[in-house]
Trainee: 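Handing you this structure, nothing more for now.
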Amino acid sequence: MEASLSTLVLPWSFSFQPRDFSLPNSSWGSDMRRLYEHYNSQCEVETDDGEKKSFSRRLVFTRNIREQRAAFEYVVFAGHLLEGPPGHVHGGAISTMIDTVTGTHATYLSGPVMTANFNINYRSPIPLGSTVLLTCSLDKKEGRKTFFPCQVTNTYSSKLHTEATGLFLSITMGYLLGG
């Protein structure tokens, strides 16, 4: 008897149910949980009736008022799916994280942007299973150009893993749509 496609069951190691790994889960280490609680507590606001509400759990935005510069800080857990060299995070995964962080920051401050230039320096490898902090801030704006440095450090900011600079150009939505 032949198996038809409707009755054939193939083993599948991935779940079809979407899972949000940015929320606490069993894969998180103690550093990830500590930083999540730290940043999450900074995202609580008290409503007029005294109720506490959290306005963000995934993106931490802080403003340095003294220098009038906005800074983004992201907490990332380097899981096994990011492996490149044995036991360490792949450089392409690190680059993607940094481009995403700086591009999101540029879009927040300048509207739609595209990456025009991206320079990255890998200083020390990131071990798999570690939690890292990505920090970027606005360096300067010149017309359509927005410049951002970014650093990837351990959770105590005492060890620099990677540093990068990004240049983003403001674009119109028409440009993205081929107009």
Side-chain angles (χ1 to χ4, degrees), residues 13-15 18-45 52 54-110 113 115-141 146-168:
S13 59
F14 299 105
S15 170
R19 297 186 319 188
D20 187 348
F21 289 103
S22 67
L23 295 175
N25 65 74
S26 61
S27 73
W28 284 18
S30 59
D31 278 345
M32 187 69 175
R33 287 189 182 278
R34 178 181 57 79
L35 287 169
Y36 175 85
E37 294 301 325
H38 169 74
Y39 286 117
N40 202 37
S41 69
Q42 294 180 10
C43 297
E44 288 181 351
V45 294
K52 285 190 175 187
S54 179
F55 61 87
S56 174
R57 287 193 170 100
R58 291 166 185 81
L59 173 67
V60 177
F61 176 72
T62 58
R63 181 174 289 280
N64 184 333
I65 299 191
R66 208 169 345 120
E67 295 181 31
Q68 291 299 310
R69 294 192 183 201
F72 275 95
E73 295 175 315
Y74 291 78
V75 179
V76 176
F77 174 73
H80 70 282
L81 296 177
L82 301 179
E83 187 169 26
H88 295 88
V89 178
H90 191 284
I94 298 167
S95 177
T96 299
M97 288 186 279
I98 294 172
D99 188 38
T100 301
V101 168
T102 54
T104 299
H105 195 170
T107 299
Y108 178 81
L109 296 175
S110 302
V113 297
T115 306
N117 185 283
F118 187 68
N119 293 301
I120 189 164
N121 293 305
Y122 300 98
R123 300 294 183 199
S124 63
I126 300 173
L128 286 179
S130 61
T131 302
V132 294
L133 185 64
L134 281 78
T135 306
C136 71
S137 59
L138 174 64
D139 181 28
K140 62 183 174 182
K141 287 181 77 169
T146 306
F147 298 84
F148 287 96
C150 184
Q151 292 188 329
V152 181
T153 63
N154 65 356
T155 56
Y156 297 99
S157 299
S158 62
K159 182 172 187 169
L160 178 64
H161 291 292
T162 310
E163 57 188 346
T165 56
L167 163 61
F168 299 87

Trainee: Between T146 and K140, is there a donor-acceptor pair closer than 3.5 Å when you use the side chain of the first and the backbone of the second?
Mentor: no
Trainee: What is the distance from atom CG of L82 to atom CZ of F77, rounded to the nearest 0.5 Å?
Mentor: 9.0 Å
Trainee: A side-chain contact here means heavy atoms from C-beta on lying under 4.5 Å apart; do C150 and E163 qualify?
Mentor: no
Trainee: Does the pair N154 and V132 meet the rule for a side-chain contact (heavy atoms from CB on, under 4.5 Å), with working shown?
Mentor: CA-CA 5 Å; N154 65 356; V132 294; 5.7 Å; no
Trainee: If you apply the rule side-chain contact (heavy atoms from CB on, under 4.5 Å), what do you find for H161 with R123, and how did you get there?
Mentor: CA-CA 5 Å; H161 291 292; R123 300 294 183 199; 6.0 Å; no
Trainee: Given side chains that start at C-beta, do those of E83 and V89 come closer than 4.5 Å, heavy atoms only?
Mentor: no
Trainee: Assess, by modelled atom type and distance only, whether the side chains of N119 and N117 contain a donor and an acceptor separated by less than 3.5 Å.
Mentor: yes
Trainee: Does the side chain of T165 come within less than 4.5 Å of F147's, by heavy atoms?
Mentor: no
Trainee: Taking the side chain as C-beta and beyond, is there a heavy-atom pair between E73 and L134 under 4.5 Å?
Mentor: no
Trainee: Would you call K141 and S110 a side-chain contact if the rule is heavy atoms closer than 4.5 Å?
Mentor: yes
Trainee: Apply the test side-chain contact (heavy atoms from CB on, under 4.5 Å) to residues D31 and Y156: give CA-CA distance (whole Å), side-chain angles for both, the deciding distance (0.1 Å), then the verdict.
Mentor: CA-CA 10 Å; D31 278 345; Y156 297 99; 3.9 Å; yes
Trainee: Is the shortest side-chain heavy-atom distance between V152 and L133 below 4.5 Å?
Mentor: no
Trainee: When you compare the side chains of R34 and T131, does any donor N or O come within less than 3.5 Å of an acceptor on the partner?
Mentor: no
Trainee: Is there a donor-acceptor pair closer than 3.5 Å between any side-chain N or O of D139 and the backbone N or O of P149?
Mentor: no
Trainee: Report the relative orientation of the aromatic rings in F148 and H105; use parallel for angles under 30°, tilted for 30 to 60°, perpendicular for over 60°.
Mentor: tilted
Trainee: For residues 90-98, which side-chain N or O atoms pair as donor and acceptor with protein atoms under 3.5 Å away, sequence neighbours left out?
Mentor:
from, atom 1, to, atom 2, distance (Å)
H90, ND1, G92, N, 2.7
T96, OG1, G92, O, 2.8

Trainee: Verify whether one side chain among D99 and T115 offers a donor that lies under 3.5 Å from an acceptor in the other.
Mentor: yes
